[in-house]
Amino acid sequence: MNEFVYFADLFGTAVFAISGALAAGRLRMDPFGVTVLAAVTAIGGGTIRDTILGATPVFWITDTNYIWVILITAVAVMALVRCPRRLSGTWFQLADAFGLALFTVIGAQKALSFGTSPMIAVMMGVMTGVVGGMIRDVLCREIPLVLRKEIYATASIVGGILYTISLALQISQVPAMLIAMAGALIIRVAAIYWSLSLPAFELNSQSK
Amino acid sequence: MNEFVYFADLFGTAVFAISGALAAGRLRMDPFGVTVLAAVTAIGGGTIRDTILGATPVFWITDTNYIWVILITAVAVMALVRCPRRLSGTWFQLADAFGLALFTVIGAQKALSFGTSPMIAVMMGVMTGVVGGMIRDVLCREIPLVLRKEIYATASIVGGILYTISLALQISQVPAMLIAMAGALIIRVAAIYWSLSLPAFELNSQSK
Amino acid sequence: MNEFVYFADLFGTAVFAISGALAAGRLRMDPFGVTVLAAVTAIGGGTIRDTILGATPVFWITDTNYIWVILITAVAVMALVRCPRRLSGTWFQLADAFGLALFTVIGAQKALSFGTSPMIAVMMGVMTGVVGGMIRDVLCREIPLVLRKEIYATASIVGGILYTISLALQISQVPAMLIAMAGALIIRVAAIYWSLSLPAFELNSQSK
């Protein structure tokens, strides 16, 4: 992975860790809880991706920078954040969208490097992007928001598809990444801006 | 795996995917949520089995038919199902019992092919049969039904034990499978027919 | 692993299994549920540790004594325990603290034997000690207690750090284990005795 992507990946890790730490803060968890929530949100998706692919030991065992970023982020959130509203504002949502787009591409890339089909690569990209947040929500005893209505996973799916199609069209690595991330970002930002969501699949609730 | 078992396995995958998609519909999840619930219910147990055994990449990475079956099932449920009562009827329960019996045998078989002891093979069979539904329930913020009182896991356990005993008695593969599946099915169908359940283990609720 | 540590490990497994079985009893689960809760509490942390490290098949696949201990413990709890208060008393809490301390050291040891850095070894030790209880709580639809305020993970973290520092100081295996376990036990017992807990990280709850 070239250096720019690597630092962007650490930046995305920090952004996801902040979102986990804030969820812990809302539930008045202790410093251990804050750190665990930060960690599962930031590296949970990639960890499950790696165990499914058999890419073990998983990525953060061999490169401990991810853990350092999470620890520092968790401490910083606890020390500095008293008014989380600032962090749920537009800038943070943009940073989160960037993290989602990048994690998707990195996850898809890793799957392809293990010889998976493009469809599985898209799945692994989406898993890298959204499963950490799902585990965070389950630990907070909430039904994962991403399953309900936000256009969040959709952005990740589109990013993953654009990436694999670009590679299939012989576009080289870096432009393929940029195309995929741009696609995911546009959809996610549009969803935030116009508060878009997918229609729910509803069943008659009387039925069991 | 011979061809009949393979197609039966895909059929069981579809049945379990329907049960996940319906759970998502009851909670008004969006199409992504429906697909995720369908997938975790159908392949969650086998995925955890494979990562525990070290059979990675897990089965659906190399054979993407499982994913196609899940995607098509999820779309079909969203397009066609408005009255889920029809799907919680007797025919669906029978199909689900068939899926449970088959997944148990396939899971036990896979464990044995990795050289485990018969007891571990039974566990891996039960895991293949019931863990997907447990993850589905956790994502729906429910205590897994299978842990509470239905005779569901019991059918799977009996199937797994019959299978490993049959093999120990030198019965060959196909009849051993049939004996095991018949045993699991009889117990599960009897439980549905007479609404049987295991007695609960109750503690004085005042105690902590 | 020398023999004393091995039997202590099985003892810790039984203690953790009891805590899982009691949680199941409080929710009136059936015998299958009791056994599953006993198992995830006792071996859940070590299982996730092993899949993350790539130490597959995981430890209880090759050594089935762990499963036997869990099965016997689950049956014994269901047969004998009617008044769980006796089991939430001081002796049980001490046994649980011992299990926590030992699991931490064993987890850290295993990670180091896979060549991880000391920091990752501490993480893997803590994971071995606390993740089983977290899965138990999630299956019981509770926010994991360990994330909220008890000084429980803290004891494990201190134990892990003492262990890796002792090894770095060239202290040999057995005394390093004893130092680490003593440290973890002192903190945990002090926390129980004086009902200590860490301060929560609170956010203004109006904010989203």
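Sequence lines set the chain letters: A, B, ... in the order given, protein chains first and strands last, and positions in each chain run from 1.
- No side-chain donor-acceptor contact under 3.5 Å links R141(A) to the backbone of P144(C).
- Heavy atoms closer than 4.5 Å to chain A are found in the side chain of V126(C), but not in its backbone.
- Top candidate by heavy-atom pairs under 4.5 Å with chain A, chosen from D137(C), I52(C), V130(C), T154(C), is I52(C).
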- Might you work through the side-chain contact (heavy atoms from CB on, under 4.5 Å) test for F32(A) and R148(C), ending with a clear yes or no? CA-CA 8 Å; F32(A) 178 72; R148(C) 302 203 79 171; over 6 Å; no
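- In this structure, T35(A) OG1 and I157(C) CD1 are separated by 7.5 Å, a value rounded to the nearest 0.5 Å.
- For the set A24(A), G33(A), G25(A), the entry with the most heavy-atom pairs within less than 4.5 Å of chain C is G25(A).
- Of the atoms belonging to T47(A), it is side-chain heavy atoms, and not backbone ones, that fall under 4.5 Å from chain C.
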- Query: side-chain contact (heavy atoms from CB on, under 4.5 Å) between L53(C) and I61(A): does it pass, once the steps are laid out?
  - Reply: CA-CA 8 Å; L53(C) 286 174; I61(A) 297 279; 4.2 Å; yes
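- One distance of note links CZ of F114(C) with OG1 of T56(A); it measures 9.0 Å at 0.5 Å rounding.
- Contacts of A21(A) with chain C are made by backbone atoms alone, with heavy-atom separations under 4.5 Å and no side-chain atom involved.
- Interface remark: of the candidates V34(A), V36(A), L139(A), L139(A) forms the most heavy-atom pairs closer than 4.5 Å to chain C.
- Most heavy-atom pairs under 4.5 Å with chain A, from the set T116(C), V146(C), V138(C): that is V146(C).
- For the atom pair CD1 (I67(A)) and CE (M119(C)), the distance works out to 6.0 Å, reported to the nearest 0.5 Å.
- With a threshold of 4.5 angstrom between heavy atoms, L27(A) approaches chain C through its backbone and through its side chain.
- Residues M29(A) and L147(C) approach most closely at CB-O, 3.1 Å, considering heavy atoms.
- Heavy-atom distances place both the backbone and the side chain of I143(C) under 4.5 Å from chain A.
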